[in-house]
S.K.: 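A single structure is presented below for examination.
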Amino acid sequence: MRIRGRKGIFGLLLLFFACFCISAKLPGAQTEAKSKIVKKDKTPREPENSDLRIVHTATKLASRRWIQSFTFDSKYYYYIQMTRPYCGDLRITRVKYKGLGKYNKAKMDLKGFGHATNLDCSVHNGVTYLWTGSHAKRGSDVSRGISCFRFQKNRRLRKCADISYKIPMGGDGKYVTNVYPAISADSSKLGVRFTYDDKQYYQIYDLVNGTQINPADPIKQVILPKTMGDFQGFDIDGSVICTIEGSPRKSFLKSYDRRRVYQPTIIRQWDYETGKVSSRLIKGAARLSFREPEGVKLTEDKKMLIMFVSHRLVNQSCNIYEVK
């Protein structure tokens, strides 16, 4: 068929376009693949009868780093992330919250420090000192000491800080590994945790000027049974040792590693002076995605804060709650 003039050509184009639209709707017709849209990560509201109260909603840190712990002073929150498994390299992010979900961030890197199981801080004369595990061997994330340092924006520390300690087990002089620190809220005591012979050990020290301990002279050594669930952090207050344990939610474990068994979030407290022991199952944050506990903190006004991480494994958010 021969088509003459512009009107004929225009009519042919209209016919071709109509046929294309019809074919695109037919079963089996090829269509362009759409990009998967990732919904914005939000912290779900807690019901009135929840055992948790939201303190800070989802805070995004650097992506492709695993959030491990948190601490805070009167002005900032500090979060620590593992850059990748078994390398010992860490990222600390300092966050200042501004309300209504707004915040600003600054970062600092630690090379060859360890796994970041626990992060805490001491405050002396208005100066904040951060504490975490350090001295990891190359290609390992096992901390073989602890370090104390001030946050320095965009700076990098290697292996350890200027103020650091190797920790002997009791008074026998044998240095322990996989060791991490916690500080009492009044900055008067430092506790270190390590594991040995399928038990967890805690050594408590007097802390002087926010930075000084005598590692060979603990005021107390406490030996506790190994946690049943994945250990996720600890804190100290007076004569109380507080731990948190648990795994991500079942739906994540099923897709990630079928060999792992879901473990609920449990907070345990041991008073080594009175012998009192308590445990508490945390049911709140039930609608939070991923929902892995990562850290517990006891405050001077007797409050308890915990962190759950949420969202995708490589782009996690941290969510802070107060335990009612």
Side-chain angles (χ1 to χ4, degrees), residues 53-62 67-81 90-99 101-110 113 116-134 146-157 161-165 180-193 204-213 232-238 240-242 244 294-309 317-323:
R53 182 183 69 83
I54 298 172
V55 175
H56 292 300
T57 56
T59 304
K60 283 291 184 185
L61 306 180
I67 303 170
Q68 299 296 310
S69 186
F70 77 106
T71 189
F72 56 90
D73 56 21
S74 61
K75 188 174 182 181
Y76 298 104
Y77 275 69
Y78 305 86
Y79 300 92
I80 194 164
Q81 296 171 273
L90 310 173
R91 161 72 57 86
I92 290 181
T93 302
R94 186 182 68 183
V95 174
K96 184 176 182 180
Y97 289 98
K98 303 171 71 174
K102 297 180 180 179
Y103 51 89
N104 54 38
K105 302 182 294 185
K107 66 178 179 65
M108 178 182 182
D109 289 316
L110 312 176
F113 268 59
T117 299
N118 227 53
L119 175 71
D120 215 337
C121 68
S122 57
V123 179
H124 178 69
N125 288 339
V127 178
T128 297
Y129 301 92
L130 298 177
W131 291 79
T132 194
S134 57
I146 59 174
S147 280
C148 163
F149 52 92
R150 295 181 64 178
F151 182 88
Q152 301 174 75
K153 183 178 179 180
N154 297 329
R155 294 292 300 275
R156 177 181 295 176
L157 295 181
D162 290 339
I163 302 173
S164 60
Y165 300 94
Y180 291 95
I183 312 293
S184 61
D186 63 0
S187 297
S188 67
K189 296 289 188 294
L190 180 143
V192 296
R193 177 192 186 266
I204 312 299
Y205 296 90
D206 283 321
L207 181 61
V208 180
N209 297 332
T211 62
Q212 299 168 24
I213 65 169
Q232 302 288 10
F234 78 105
D235 202 7
I236 60 173
D237 177 43
V240 172
I241 298 170
C242 179
I244 187 168
E294 294 286 4
V296 59
K297 289 290 175 284
L298 305 175
T299 69
E300 282 194 274
D301 53 359
K302 303 304 178 182
K303 293 180 180 179
M304 179 187 294
L305 302 185
I306 65 174
M307 176 172 65
F308 277 113
V309 297
S317 298
C318 38
N319 310 263
I320 305 297
Y321 297 85
E322 178 188 341
V323 180

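Reckoned from all heavy atoms, side chains included, excluding hydrogens, waters and symmetry mates.
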S.K.: Kindly indicate, with the supporting measurements, whether the criterion side-chain contact (heavy atoms from CB on, under 4.5 Å) is fulfilled by Val95 and Leu61.
M.R.: CA-CA 9 Å; Val95 174; Leu61 306 180; 4.3 Å; yes
S.K.: Of the non-hydrogen atoms in Leu207 and Ser122, which two are nearest, and what is the gap between them?
M.R.: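 Smallest interatomic distance, heavy atoms only, reads CD2-CB, 3.9 Å.
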S.K.: Using a 4.5 Å cut-off on heavy atoms from C-beta on, say whether the side chain of Ile80 contacts that of Leu110.
M.R.: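 Side chain of Leu110 against side chain of Ile80, heavy atoms only: contact under 4.5 Å found.
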S.K.: Where do Phe149 and Ala161 come nearest, in terms of heavy atoms and distance?
M.R.: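 That would be CB-CB, 3.8 Å.
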S.K.: Taking all non-hydrogen atoms of both residues into account, name the closest pair between Lys297 and Ser69 and its distance.
M.R.: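 Closest pair (atom of Lys297, atom of Ser69, distance): NZ-OG, 4.3 Å.
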S.K.: For Asn104, is there any backbone N or O sitting under 3.5 Å from a side-chain donor or acceptor partner on Lys98?
M.R.: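 A pair under 3.5 Å: no.
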S.K.: What is the minimum heavy-atom distance between Tyr79 and Cys318, and which atoms define it?
M.R.: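 Tyr79 and Cys318 have their closest heavy atoms at CE2-SG, 3.5 Å.
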S.K.: Is a side-chain N or O of Asn118 found less than 3.5 angstrom from the main chain of Phe234, in a donor-acceptor match?
M.R.: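 Yes: the side chain of Asn118 pairs with the backbone of Phe234.
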S.K.: Apply the side chain to side chain contact (heavy atoms under 4.5 Å, CB included) test between Leu190 and each candidate in Val208, Ile204, Ile146; give the one that qualifies.
M.R.: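 The residue from Val208, Ile204, Ile146 that satisfies side chain to side chain contact (heavy atoms under 4.5 Å, CB included) with Leu190 turns out to be Ile146.
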S.K.: Rounded to the nearest 0.5 Å, how far apart are CG of Leu157 and CG of Leu90?
M.R.: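 Leu157 CG to Leu90 CG: 10.5 Å, rounded to 0.5 Å.
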S.K.: For Val123, give me all partners under side-chain contact (heavy atoms from CB on, under 4.5 Å), at least two apart in sequence or on another chain.
M.R.: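 side-chain contact (heavy atoms from CB on, under 4.5 Å) check on Val123 returns Asp73, Thr128, Ser187.
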S.K.: Might you point out which heavy atoms bring Ala182 and Ile236 nearest each other, and give the distance in Å?
M.R.: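 Closest approach of Ala182 to Ile236, heavy atoms only: O-CD1, 3.9 Å.
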S.K.: So how far is it from Ile183 CD1 to Ser188 OG, rounded to the nearest 0.5 Å?
M.R.: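 Reported value, rounded in 0.5 Å steps: 9.5 Å.
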S.K.: Does Arg150 form a side-chain contact (heavy atoms from CB on, under 4.5 Å) with Val127? I'd like the steps, not just the answer.
M.R.: CA-CA 8 Å; Arg150 295 181 64 178; Val127 178; 3.4 Å; yes
S.K.: Between Asp186 and Ser184, does the side-chain hydrogen bond (donor to acceptor under 3.5 Å, both in side chains) criterion hold? Intermediate values first, please.
M.R.: CA-CA 5 Å; Asp186 63 0; Ser184 61; 2.7 Å; yes
S.K.: For Ala62, is there any backbone N or O sitting under 3.5 Å from a side-chain donor or acceptor partner on Gln81?
M.R.: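 Yes: the side chain of Gln81 pairs with the backbone of Ala62.
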S.K.: Are any non-hydrogen side-chain atoms of Met307 and Leu305 less than 4.5 angstrom apart?
M.R.: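 They are not in side-chain contact.
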S.K.: For the CZ atom on Arg155, are there more than 12 heavy atoms of other groups (residues, nucleotides or ligands in this structure) within a distance under 6.0 Å?
M.R.: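 Atom CZ in Arg155 is not crowded, with 12 or fewer foreign heavy atoms closer than 6.0 Å.
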S.K.: So, do Arg91 and Lys107 sit near enough that their side-chain heavy atoms are less than 4.5 Å apart?
M.R.: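 Side-chain contact under 4.5 Å: yes.
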S.K.: Less than 4.5 Å apart, any side-chain heavy atom of Phe308 and any of Glu294?
M.R.: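 Side chain of Phe308 against side chain of Glu294, heavy atoms only: no contact under 4.5 Å found.
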S.K.: Mind checking the CE-CD spacing from Met304 to Glu322? Nearest 0.5 Å is all I need.
M.R.: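 Between Met304 CE and Glu322 CD, I get 10.0 Å after rounding to 0.5 Å.
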S.K.: Mind telling me whether Tyr165 and Trp131 have parallel, tilted or perpendicular rings, with 30° and 60° as the class edges?
M.R.: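 Because their plane-to-plane angle is under 30°, the rings of Trp131 and Tyr165 count as parallel.
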S.K.: Pair Thr299, Phe72 - check side-chain contact (heavy atoms from CB on, under 4.5 Å), show working.
M.R.: CA-CA 10 Å; Thr299 69; Phe72 56 90; 3.8 Å; yes
S.K.: Hey, can you tell me if His56 and Tyr77 have their rings parallel, tilted or perpendicular (30° and 60° cut-offs)?
M.R.: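 Rings of His56 and Tyr77: perpendicular, over 60°.
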S.K.: How about Asp162: does its CG atom have over 12 heavy atoms from other parts shown lying under 6.0 Å from it?
M.R.: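 Not more than 12 within 6.0 Å, no.
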S.K.: So do the side chains of Tyr129 and Asn209 get within less than 4.5 Å of each other, counting heavy atoms only?
M.R.: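 No - every pair of side-chain heavy atoms lies 4.5 Å or more apart.
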S.K.: Compare all side-chain heavy atoms of Asp237 with those of Cys242 and state whether any distance is below 4.5 angstrom.
M.R.: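 Answer no - side chains too far apart.
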S.K.: Nearest 0.5 angstrom please: Asp235 CG to Ile306 CD1, how far?
M.R.: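 CD1 of Ile306 is found 13.0 Å from CG of Asp235.
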S.K.: Count the heavy atoms belonging to other residues, nucleotides or ligands that lie under 6.0 Å from NZ of Lys105, then report whether that count exceeds 12.
M.R.: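 Yes, enclosed.
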S.K.: State which residues pass side-chain contact (heavy atoms from CB on, under 4.5 Å) with Arg156; sequence neighbours excluded, sorted by chain then number.
M.R.: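 Checked Arg156 against side-chain contact (heavy atoms from CB on, under 4.5 Å); matches are Asp109, Lys111, Arg158.
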S.K.: So, do Ile92 and Thr132 sit near enough that their side-chain heavy atoms are less than 4.5 Å apart?
M.R.: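 Of all side-chain heavy-atom pairs linking Thr132 with Ile92, none is under 4.5 Å.
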S.K.: Would you indicate whether the side-chain heavy atoms of Ser147 and Phe113 approach each other to under 4.5 Å?
M.R.: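 Counting from C-beta outward, Phe113 and Ser147 do come under 4.5 Å.
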S.K.: Looking only at heavy atoms, what is the nearest atom pair of Thr71 and Asp120, with distance?
M.R.: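 Closest approach of Thr71 to Asp120: OG1-OD1, 3.1 Å.
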S.K.: Enter the distance from Arg193:CZ to Ile241:CD1 here, rounded to the nearest 0.5 Å.
M.R.: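 One finds 10.5 Å between CZ of Arg193 and CD1 of Ile241.
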S.K.: Using 0.5 Å steps for rounding, measure from the OG1 atom of Thr57 to the OH atom of Tyr103.
M.R.: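 If we round to the nearest 0.5 Å, Thr57:OG1 and Tyr103:OH are 8.0 Å apart.
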